[in-house]
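Okay, so here's the structure we're looking at.
Quick note: residue numbers are just sequence positions, from 1.
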Amino acid sequence: MNHEFHSWKQAYRDGMSQNGYHDKRKFVVNFDAFPEDIKAVGDAVRAYKETKRIAPRYEVINGVTFYYENMVMSEKLISELEKFSRVCEDDVYSICEDDGRLVIY
């Protein structure tokens, strides 16, 4: 993520000499000159905190974890997941419904 910020790019350019040598002592990031970078970092931290507050919904069936959102875990759905869990290769999947059909990925 650092390399996308204007402040980092400027510090990188400032630290490079004409012969291509990089002097890390000149790689000084001045965030005060780039308030949009500070805002972007703040937005990322807020998004991370918001995500951490929302507990993931999941079901473990035969040792296989199925993560889902906006679905009702019915007996029919659990039965389908039990069948899938016996033949699947991985131990973690995300599931959703698309036009009433179960999608496992």
Gap between atom CD of Glu59 and atom CD of Glu82 - 0.5 Å precision
9.5 Å
Is there a path of hydrophobic side-chain contacts, each under 4.5 Å between heavy atoms of I/L/V/M/F/W/Y residues, joining Val41 to Phe34?
no
Considering only heavy atoms from C-beta outward, does the side chain of [X] approach that of [Y] to under 4.5 Å?
X	Y	value
Glu50	Val45	no
Glu97	Tyr68	no
Met71	Leu102	yes
Leu81	Ile104	yes
Val64	Cys88	yes
Arg57	Glu69	no

For atom OH of Tyr58, is the number of surrounding heavy atoms from other residues, nucleotides or ligands below 6.0 Å larger than 12?
no
Asp90 (side chain) donor-acceptor with Val92 (main chain) under 3.5 angstrom:
no
Just by distance, do the side chain of Asp37 and the backbone of Ser7 share a donor-acceptor pair under 3.5 Å?
yes
Tyr12: which residues meet the ring pair (Phe, Tyr, Trp, His ring centres under 6.0 Å) condition with it, sequence neighbours left out?
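Partners of Tyr12 by the ring pair (Phe, Tyr, Trp, His ring centres under 6.0 Å) criterion, ordered by chain and then number, come out as Trp8, His22, Phe27.
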Got a sec, which residues hit ring pair (Phe, Tyr, Trp, His ring centres under 6.0 Å) with Phe84, two or more places apart in sequence or on another chain?
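Once residues adjacent in sequence are excluded, the partners of Phe84 under the ring pair (Phe, Tyr, Trp, His ring centres under 6.0 Å) criterion are Tyr93.
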Testing Val60, Asn62, Asp91, Thr65 one by one against Ser85 for a side-chain contact (heavy atoms from CB on, under 4.5 Å), which residue passes?
Asn62
Kindly indicate, with the supporting measurements, whether the criterion side-chain contact (heavy atoms from CB on, under 4.5 Å) is fulfilled by Ile78 and Ile61.
CA-CA 8 Å; Ile78 290 173; Ile61 301 173; 4.2 Å; yes
Using a strict cut-off of less than 4.0 Å between a Lys/Arg side-chain nitrogen and an Asp/Glu carboxylate oxygen, indicate whether Arg101 and Asp99 qualify as a salt bridge.
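No salt bridge links Arg101 with Asp99.
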When Ile, Leu, Val, Met, Phe, Trp and Tyr are grouped by side-chain heavy atoms lying under 4.5 Å apart, directly or through other members, which residues fall in the same group as Tyr105?
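Taking Ile, Leu, Val, Met, Phe, Trp and Tyr as members, Tyr105 shares its hydrophobic cluster with Val103.
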Identify the heavy atoms of Arg46 and Asp43 that sit nearest to each other, and give their distance.
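Scanning both residues completely, I find the closest heavy atoms to be NH2-OD1, 2.7 Å.
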Could you report the tightest heavy-atom contact between Met73 and Ile95, atom names first, then the distance?
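Taking Met73 first and Ile95 second, the nearest heavy atoms are CE-CD1, 4.1 Å.
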